[in-house]
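Reading through the structure tokens given below for one structure.
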Number of protein chains: 2
Amino acid sequence: MPCQEEFIHEIYRVSMKRITIKDIARLAGVSISTVSRALHDHPDLSSDIIQKIKSIADEQHYIPNTTALNLKSKNSKLIALIVPEISMFYIPEIIKAVSELSLKNGYRLLILSSDENSDKEIENIKISIQSGVEGILVSLCNNSRIQDHIQSLLDLGISLVLFDKTVDHPMVDTVTIQDELVAHEAIQFLSDHQCNPILCVLGNPGLSITQARKRGIEQFAQKKSDLDIQFCFANNSFEAKHNTKKFLQSNQSINGLFLMSDEILLGVSELFRQSSSVSGIRQVITISEGWLPNLIEFPLHFYVQSGKEMAHSALDLLFQKIKSSQENLSAQHRIIPLELRKNSFCDLDEV
Amino acid sequence: MPCQEEFIHEIYRVSMKRITIKDIARLAGVSISTVSRALHDHPDLSSDIIQKIKSIADEQHYIPNTTALNLKSKNSKLIALIVPEISMFYIPEIIKAVSELSLKNGYRLLILSSDENSDKEIENIKISIQSGVEGILVSLCNNSRIQDHIQSLLDLGISLVLFDKTVDHPMVDTVTIQDELVAHEAIQFLSDHQCNPILCVLGNPGLSITQARKRGIEQFAQKKSDLDIQFCFANNSFEAKHNTKKFLQSNQSINGLFLMSDEILLGVSELFRQSSSVSGIRQVITISEGWLPNLIEFPLHFYVQSGKEMAHSALDLLFQKIKSSQENLSAQHRIIPLELRKNSFCDLDEV
DNA sequence: CTGTTAGCGCGTTCAC
DNA sequence: GTGAACGCGCTAACAG
């Protein structure tokens, strides 16, 4: 009788109540705990009652209430990912990798962006705590003031792993790339290829990674005093393009280019088209997530910084921390090795 | 006495127990309910006891347990954002906008990616339900099978808003751009500028937006039978670049280009450098998030599809649904208007 | 094999 | 004014 069915359906809609094990118990004529046991394949139960209960759970579209489970088990199966900003580069890769892997491990993910604002970063940590996360993955924003809050986090039993943009703290685990070393090697590469006035286009000078990479460059410069190294900074692709252009125009002798990131590469790549602006450039080397360089029709070498690899390593560390939440006093510091590659245009060049 | 203090601190650390109202009650020598009332400024309590309890809550760094609150109140202040994939384009903009705005409204956000896999999409919906979300924002993946699950969602009292990549359903609200109209207008624009063999580079042909845009193009073609319109499809930037290149080489007469997305634009933009491949092109028109076109040194027009605006509209709709969770039978369909712009290189061209 | 009971942290009656 | 008791959905220890 469609009329009655519709009526029942209407009741159902209006009440908008999720089916609980209680409902199933009533429907099956057994007690709540029997349902719970059946749903968990408890060995004490006969397989026919298990089947019966499971089938009616299916029919009713039973979905266990995660909130109740969390309250009981006292773990939220929730972690937070706090990123300095949501940009086109690198971050989507990180989000994707962390999101996938955490889900695979039965954890849900809270993603928060600090928008390069240290107040917001702290606010994000607060939100994470209030949301009951078991662990937090953070890539710090510029001028981060997180140091003051690390101890409270640890006191709360919340695991913390810093990645990419980190800070030194005796109790905190980190995952980074070899910023200094890579920059050092990059300049070595340029120098080995007879580039002498070299222009380094770096990101925001306040960032820890900018400083580390700059340090690496300067280290190499000290070893080789005849090398002329120039710096220019840019906060985004636009600035990278314009600042580099201006610089190259007034320093026509420059024949080697080091670009710190994809964002900068994208801006500077515009100059590669106007062969006049880059006619003197012998070699370009960058640090990249790996995707962009192959779209650029100009021979360039790049160190691949795999967001996926870093995310996996950081998450692995975090889960490790969460599981053994006992005081593992020694903080781990993982370093992601980078691989030097050349884009497809280099090969064409060689042929 | 620092020694004892440290000891207490150690206990605190080892136990790693979050302070609850129970602890505060014990510390204050009152009952649990009194603490609860004090923390909520209940009028029945004397202001001095309120102050006392609040101050000891502060000292103990009391943080209310969100899980317990959710279990009790049955609303989680949690919404889900399900995107078809996490790509560099458009999605970061969406994530950023939704994330910001939902936080501002006191809601936390669960971000899930379907990786263009309809099974995963359904799995994501399940995860959202299990997590107790109050509403879900979805941009569908290719070949989505969500239709079969919409009714169950609605039955569960979970609000649902589809955006960008949607499907028709009598009960579901949507936010889209005017896909057909915009494509129609774009071709009109090219035609008005004396482009006659026109090449349209579109995305995955299975996507609803690809189909809608193609429909718009064909609508215009029917009105103007002397117009020669060619199609070529690409799943990503690489394919866009190579397919377009191949196509232009074998169809040298083509002088107008319609590019469906940023992803395609990025690929095709590589061709703009080799003036030989695009020497015959008079006009290029695209649909873009707005950022990329100004980085490309080739005159082009583009319809700006603001991810921010779409995200805000969709979220606004979702909150509206959540608040008035009574049966608002009429589904709303919002359309985000697009604005035609030209990139900075067009201006230079005119000067 | 199965039901009863207690309790996770919290808010809210309902008595005192 | 304030405490005891109940219940949100679920699991687990304890009885039968």
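Every chain is numbered from 1 and lettered A, B, ... according to where its sequence line falls, protein lines coming before strand lines.
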Residues in salt bridge (charged side-chain N to carboxylate O under 4.0 Å, His left out) contact with B:D316, at least two apart in sequence or another chain: B:R334
Pairs meeting criterion salt bridge (charged side-chain N to carboxylate O under 4.0 Å, His left out) with involvement of residues 141-154 of chain B, two or more places apart: B:D119-B:R145
Gap between atoms CG and C1', on A:L39 and D:dG9 respectively (whole Å): 13 Å
Point-to-point distance, once rounded to the nearest 0.5 Å, from CD1 of A:I24 to OG1 of A:T34: 12.5 Å
Smallest separation among heavy atoms of A:V175 and A:A314, with atom names: CG2-CA, 3.7 Å
Distance in angstrom units between A:H40 NE2 and C:dC1 C1', rounded: 18 Å
With sequence neighbours excluded, residues passing salt bridge (charged side-chain N to carboxylate O under 4.0 Å, His left out) with A:K77: none
Considering only nitrogen or oxygen atoms on both sides, find all protein atoms under 3.5 Å from nucleotides 13-16 of chain D and state each distance.
residue	atom	partner	partner atom	Å
D:dA13	N6	A:R37	NH1	3.3

Interatomic distance where CG belongs to B:N65 and P belongs to C:dG7 [whole Å]: 18 Å
Flag for A:D155-A:Q151: side-chain donor and acceptor within less than 3.5 Å: yes
Hey, can you pull the donor-acceptor pairs under 3.5 Å for the side chains in residues 100-109 of chain A, sequence neighbours left out?
residue	atom	partner	partner atom	Å
A:S102	OG	A:V98	O	2.7
A:S102	OG	A:S99	O	3.1
A:Y107	OH	A:E134	OE1	2.9
A:R108	NH1	B:S131	OG	3.4
A:R108	NH2	A:S76	O	2.9

Near-strand residues of residues 46-54 of chain A, defined as heavy-atom separation under 4.0 angstrom from DNA chain C: A:S46, A:I49
Distance in Å, B:D164 CG paired with B:T176 OG1, rounded so as to fall on 0.5 Å steps: 8.5 Å
Using a cut-off of under 3.5 Å, enumerate the N/O to N/O pairs linking the protein to nucleotides 6-8 of chain D.
residue	atom	partner	partner atom	Å
D:dG7	N2	B:K72	NZ	3.1

Five-pair end axes of the helix from C:dC1-D:dG16 to C:dC16-D:dG1, angle between them (10°): 60°
Any B:S36 side-chain N or O less than 4.0 Å from OP1/OP2 of C:dC10: no
Between P of C:dC8 and CG of B:L69, the distance in whole Å: 17 Å
Short side-chain N/O contact from A:Y62 to OP1 or OP2 of D:dC10, under 4.0 Å: yes
Separation of atom CD1 in B:I21 from atom C1' in D:dG3, rounded to whole Å: 13 Å
Sugar-phosphate, base or nothing in reach of B:D44, heavy atoms under 4.0 Å: base
Short side-chain donor-acceptor distance under 3.5 Å, B:E85 and B:S113: no
With B:S46 via side-chain contact (heavy atoms from CB on, under 4.5 Å) - residues at least two apart: B:D48, B:I49
Would you mind writing out the side-chain donor-acceptor pairs for residues 35-42 of chain A within the sub-3.5 Å range, not counting sequence neighbours?
residue	atom	partner	partner atom	Å
A:D41	OD1	A:K54	NZ	2.9
A:D41	OD2	A:K54	NZ	3.2
A:H42	NE2	A:D44	OD2	3.4

Non-neighbouring partners of B:K96 that pass salt bridge (charged side-chain N to carboxylate O under 4.0 Å, His left out), sequence neighbours left out: none
Residues in salt bridge (charged side-chain N to carboxylate O under 4.0 Å, His left out) contact with B:E116, at least two apart in sequence or another chain: B:K165
B:T34 vs A:I32, nearer the 5' end of DNA chain D by closest nucleotide: B:T34
Rounded interatomic separation in angstrom, taking CG from A:N75 and P from D:dT11: 13 Å
Separation of D:dC10 C1' from A:D23 CG (nearest whole Å): 13 Å
side-chain contact (heavy atoms from CB on, under 4.5 Å) partner of A:S128, chosen from A:I136, A:I79, A:L153, A:L78: A:I136
